[in-house]
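The next block holds one structure in the form of structure tokens; read it before the comments.
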Amino acid sequence: WARAMLDEDFVVLDTETTGLWPEDEIVEIAVIDRAGAVLLNQRIQPQNPARLLKRDAKSGICAADIHGIMPAMLEGQPRFPAVYEQLRQFISLKPLVIYNADYDMKMLNQDCARHSLAMPLVKPDCAMKQFAAWRGVPGKYPGEYRWVKLDEAVTLLGVESDRFGEDVHSALGDCQRTLAVLQGMALNG
């Protein structure tokens, strides 16, 4: 899969959000091309930026603890509808790769619905599921493979984490790491 994908003219997408739930929103979105060139790297002002600081009852962490985006950092940034058309153009024209595609597609669906925008017609390849199958560690159920977080996939492939600079857990940094996972799978497969 990875070798075949690297022969395609694809794009990689990632988002950072206010949280995991239906009321949560995208606060950062990035798209890069197969060569790693940045096509879109935009922070987005959500309708409810305070959700960035809402702590999970079990873990005690909030979204800002994970990606470092604070409400004040989003002041003056465009809202999702202002970014939508540019985003749609980038992801609708080429094959799309996302690490944990189910999550990012859920967030895109939620924000499109929230703003009465048509969801772009895309069917992304999930790099997380492809990496799990490539790695071959059995999952919980027969025929499934164990998924790993992007950080772990990068580590397992021996990709130097300092290669991504300060953008380690940003939408852009995660796009770059997803591309590195794809390249690593192709080289080591």
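- Separating the CE atom in M107 from the CH2 atom in W21 is a distance of 11.5 Å, to the nearest 0.5 Å.
- No side-chain heavy atom of W147 sits less than 4.5 Å from a side-chain heavy atom of N100.
- Shown here are the side-chain contact (heavy atoms from CB on, under 4.5 Å) partners of S92, two or more places apart in sequence or in another chain: R88, P120, V122.
- A chain of hydrophobic side-chain contacts below 4.5 Å, direct or via other Ile, Leu, Val, Met, Phe, Trp or Tyr residues, connects I44 to L13.
- Contact check for T18 versus P49: no side-chain heavy atoms found under the 4.5 Å cut-off.
- Listed by chain and number, the residues in a side-chain contact (heavy atoms from CB on, under 4.5 Å) with P22 are Q110 (sequence neighbours excluded).
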Checklist entry - Can you list the steps and then say if E23 with N48 is a side chain to side chain contact (heavy atoms under 4.5 Å, CB included)? => result CA-CA 9 Å; E23 58 273 16; N48 188 0; over 6 Å; no
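- Not a single salt bridge (Lys or Arg N to Asp or Glu O under 4.0 Å) links E8 to another residue, sequence neighbours left out.
- Applying side chain to side chain contact (heavy atoms under 4.5 Å, CB included) to I29 and the options D104, L108, N41, D14 leaves one that passes, L108.
- Residues in residues 89-100 take part in these salt bridge (Lys or Arg N to Asp or Glu O under 4.0 Å) pairs, two or more places apart or across chains: D9-K94.
- For M73, the side-chain contact (heavy atoms from CB on, under 4.5 Å) partners are R43, M70, not counting sequence neighbours.
- The two atoms that bring I69 and A64 nearest to each other are O-CB, 3.4 Å, heavy atoms only.
- Side-chain contact between R34 and L182 is absent, with no heavy-atom pair separated by less than 4.5 Å.
- The salt bridge (Lys or Arg N to Asp or Glu O under 4.0 Å) search around R146 returns E152, not counting sequence neighbours.
- In this structure, the side chains of E25 and F80 stay at 4.5 Å or more apart for every pair of heavy atoms.
- A single hydrophobic cluster is not seen to contain both V97 and M119; linkage of ILVMFWY side chains at heavy-atom distances under 4.5 Å, directly or through other members, places them apart.
- Sorted by first and then second residue, the side chain to side chain donor-acceptor pair (under 3.5 Å) pairs involving residues 53-67 (not counting sequence neighbours) are R55-D65, D56-S59.
- Here the CZ atom belonging to R177 is positioned 8.5 Å from the OG1 atom belonging to T155, to the nearest 0.5 angstrom.
- Looking at K106, its side chain never comes within 3.5 Å of a backbone N or O of A101 through a donor-acceptor pair.
- Minimum interatomic distance between L172 and V38 (heavy atoms only, all atoms of both residues): CD1-CG2, 3.6 Å.
- A donor-acceptor pair under 3.5 Å is absent between the side-chain atoms of N188 and the main chain of M185, judged by distance alone.
- Side-chain contact, Q77 with Q42: a donor N or O sits under 3.5 Å from an acceptor N or O.
- With sequence neighbours excluded, the residues forming a ring pair (Phe, Tyr, Trp, His ring centres under 6.0 Å) with W134 are F131, listed by chain and number.
- Residues satisfying the side-chain contact (heavy atoms from CB on, under 4.5 Å) test with A133, not counting sequence neighbours, are Y145.
- There is a path of hydrophobic side-chain contacts, each under 4.5 Å, that joins L87 to L39.
- Looking at V12 and I98, their side chains never come closer than 4.5 Å, going by heavy atoms from C-beta outward.
- Judged as a salt bridge (Lys or Arg N to Asp or Glu O under 4.0 Å), and not counting sequence neighbours, E144 has no contacts.
- Follow the hydrophobic side-chain contacts under 4.5 Å out from V83 and you reach M105 in the same cluster.
- Remark: the Y103 side chain and the T15 side chain contain no N/O donor-acceptor pair separated by less than 3.5 Å.
- Every salt bridge (Lys or Arg N to Asp or Glu O under 4.0 Å) that R114 has, sequence neighbours left out, goes to D111.
- Residues Y99 and F10 fall within the same hydrophobic cluster, defined by Ile, Leu, Val, Met, Phe, Trp and Tyr side chains chained together at heavy-atom separations under 4.5 Å.
- Between L40 and Q86, some side-chain heavy-atom pair lies under the 4.5 Å cut-off.
- Pairs engaging residues 116-141 under the salt bridge (Lys or Arg N to Asp or Glu O under 4.0 Å) rule: D102-K129 [sequence neighbours left out].
- The shortest distance between side-chain heavy atoms of E16 and D174 falls below 4.5 Å.
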